[in-house]
Amino acid sequence: MTTLDDLEPPWGDPPPDATGLMTTVYRLRRKPIRDFEVEDLRVLLGQQVSVEVLVPLALPLLEADPMAEGRYYPGDLLAAILMVREPYWRKHPDHLARLREVIRMARETGDVKPLRRQLEAFPQES
């Protein structure tokens, strides 16, 4: 029943003026990681929360289905992981290689138009 708050310094309760998104993020940090769904990963990665823990969980889902869908549209998990900042990918070149393969598969098998902005912003192979 490990949570993100168990693995990292706990955040406590959300501030009284927290937005709905902030409240969701705080709630997800207390949810057992084994119970995470695509939408949970999408939300947290989109907010750059617990990237070190969550990218390794998201990659197998994306490898199985590059257009895995949370709440909004096919590929929204891929869109979220594409927003992970470059230092993470430099630190984890093996994860970057896996993500580049996911991107290749998504381009071949899915409608990536909703991801155009994130794909264009993602660092190209050097």
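None of these values were measured; they are calculated from a predicted model. Nothing fancy with the numbering, it's 1 onward along the sequence.
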Quick check: closest heavy atoms across Tyr26 and Pro14, and the distance to 0.1 Å? CD2-N, 3.4 Å
Name of the residue among Val84, Leu82, Leu115 meeting side chain to side chain contact (heavy atoms under 4.5 Å, CB included) with Phe122: Leu82
How about Leu78 and Leu99: do any of their side-chain heavy atoms sit closer than 4.5 Å? yes
Can Trp89 be reached from Met83 by stepping across I, L, V, M, F, W or Y side chains whose heavy atoms are under 4.5 Å apart? no
Distance from Met22 atom CE to Trp11 atom CH2, nearest 0.5 Å? 8.5 Å
For the pair Asp5 (side chain) and Arg30 (backbone), establish whether a donor and an acceptor sit closer than 3.5 Å, ignoring hydrogens and angles. no
Under the side-chain contact (heavy atoms from CB on, under 4.5 Å) rule, what do Leu57 and Leu54 come out as? Steps first, then yes or no, please. CA-CA 5 Å; Leu57 298 177; Leu54 299 179; 3.9 Å; yes
Side chains of Arg29 and Ser50, donor plus acceptor under 3.5 Å: yes
Are the charged groups of Asp40 and Lys31 less than 4.0 angstrom apart, N to O? yes
Shortest non-hydrogen contact between Val51 and Pro56, atoms and distance: O-CD, 4.0 Å
Considering non-hydrogen atoms only, spot the tightest contact between Gly46 and Ala80 and give its length. N-CB, 3.9 Å
Would you mind reporting whether Ile81 and Tyr88 have side-chain heavy atoms less than 4.5 Å apart? no
Could you go through the side-chain contact (heavy atoms from CB on, under 4.5 Å) check for Val49 and Val43 one step at a time? CA-CA 9 Å; Val49 172; Val43 167; over 6 Å; no
Has Arg85 got a side-chain atom pairing as donor or acceptor with Gln48's backbone, closer than 3.5 angstrom? no
With respect to Pro15, which candidate in Asp17, Asp13, Thr19 satisfies the side chain to side chain contact (heavy atoms under 4.5 Å, CB included) definition? Asp17
Is Arg107 close to Pro66 at the side-chain level, that is, under 4.5 Å between some pair of heavy atoms? no
On a heavy-atom basis, which atom in Leu77 and which in Arg42 lie closest, and how many Å separate them? CD1-N, 3.8 Å
Minimal heavy-atom distance between Met67 and Val112, with the atoms involved, is SD-CG1, 4.4 Å
Non-hydrogen atoms of Val25 and Gln47 that approach each other most closely: CG2-CG, 4.0 Å
Under the criterion side-chain contact (heavy atoms from CB on, under 4.5 Å), I'd like the reasoning laid out for Val55 against His92: C-alpha separation, chi angles, the key distance, then a yes or no. CA-CA 10 Å; Val55 167; His92 301 282; over 6 Å; no
When you compare the side chain of Leu28 with that of Leu4, does any pair of heavy atoms fall below 4.5 Å? no
Between Lys91 and Glu52, does at least one N-O distance fall below 4.0 Å, as a salt bridge requires? yes
Arg71 backbone acceptor or donor facing Glu39 side chain under 3.5 Å: yes
For Asp65 and Leu62, indicate whether the former's side chain and the latter's backbone hold a donor-acceptor pair under 3.5 Å. no
Does the pair Glu101 and Glu63 meet the rule for a side-chain contact (heavy atoms from CB on, under 4.5 Å), with working shown? CA-CA 8 Å; Glu101 179 61 17; Glu63 288 165 333; over 6 Å; no
